[in-house]
Amino acid sequence: MIICTTISELRTILNGQRGEAPDGLIGLVPTMGFLHDGHASLMQRSVNECAFTVLTVFVNPLQFGPNEDFDRYPRDLERDAALAEKHGVDLLFAPSVQEMYPTRPLTKILINEVADRLCGASRPGHFDGVGTVVTKLFNLVQPGRAYFGMKDAQQVAVIQQMVNDLNTPVDIVPCETVREADGLAMSSRNVYLSSDERAQAVILSRTLQQAERMLREPGMTAGKLSAEAAASIRTSPLAVIDYAELLTYPSLQPIDPDQLLTEMNQTLILALAVKFGGTRLIDNRLLQSAGGGLNV
Ligand code: PAF
């Protein structure tokens, strides 16, 4: 595996690779590092499907708000490199902030509507920062496919919208959320949790499972399902809800609270963001409609 930290090295290596294998598919796995098994599944999928896999590790300051965890975001490049190599990644690109933003960027990608709700509402500017850095990475690597985890389903929807709007020649590949044995979605931020918080954080996946069971109850409405989800999360004393919302997916449109769910014929998302102390966790479940009823 090659490791590089500068844009000029990255371009030279990728030009060489394209020269050697002009038809070879390049897969991109963009991450902020501190890799876990969720990232491993993205790397593995890219390695299986593409001729050459590029992993990027970059904690992007543009997507963090002023009071967020940019400075304390966990970092361990040596460990990340070992894991990437183990999974067959060909090139690890780990630029500095100075390399990616040598001057204050005056150009930004703004994505409306789909980026305004859920995490976009609680973290203003977050998806502009994501859209901007992902566009830069797409321009630098020019991948045929890019792999993103569905734990951040809104990020997948936002990036897919951006790629559609800008005709960016890359296939976005959404990959299933990888979970701990008790159901907690894997996240680099899980390391922030105290042992009590970690024990209670399982309420997110339990709430999603419960919602899945309640979905087909006669008379279940969008409003009732969201309210039941919020009530379930509140059974964990340390949990503070940021949002627990049922929306359409991927357009993320609100649903009339009185809408009977069994009468809908659409893909929906139950999306959760919950704080445990200073740690904000997200999780979600897609609910697929099938012929008037709902399949999960
Ligand atoms: O999902 C992430 O880790 C980040 O938002 C991404 C896509 C690498 C952009 O910084």
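In listed order, ligands and their atoms are each counted from 1. Because the structure is a prediction, the values reported are computed rather than measured.
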Is it true that Val133 lies under 4.0 Å from ligand 1, counting heavy atoms only?
yes
Within the 3.5 Å criterion, strictly below it, is a donor on Glu9 or Thr12 matched to an acceptor on the partner's side chain?
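On atom types as modelled, these side chains do not qualify, holding no pair under 3.5 Å.
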Side chain, backbone, both or neither: which part of Thr31 has a heavy atom under 4.0 Å from ligand 1?
backbone
What I want to find out is whether Lys224 reaches Asp258 closely enough, with some N-O distance under 4.0 Å, to be called a salt bridge.
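No, Lys224 and Asp258 are not salt-bridged.
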Between the side chains of Asp242 and Arg280, is the shortest nitrogen-to-carboxylate-oxygen separation below 4.0 Å, so that they form an ion pair?
yes
Evaluating non-hydrogen atoms only, which member of Met32, Gln63, Gln155, Lys151 is closest to atom 10 (O) of ligand 1?
Gln63
Angle class for the Phe148/Phe138 ring planes (parallel below 30°, perpendicular above 60°, tilted otherwise)?
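Perpendicular.
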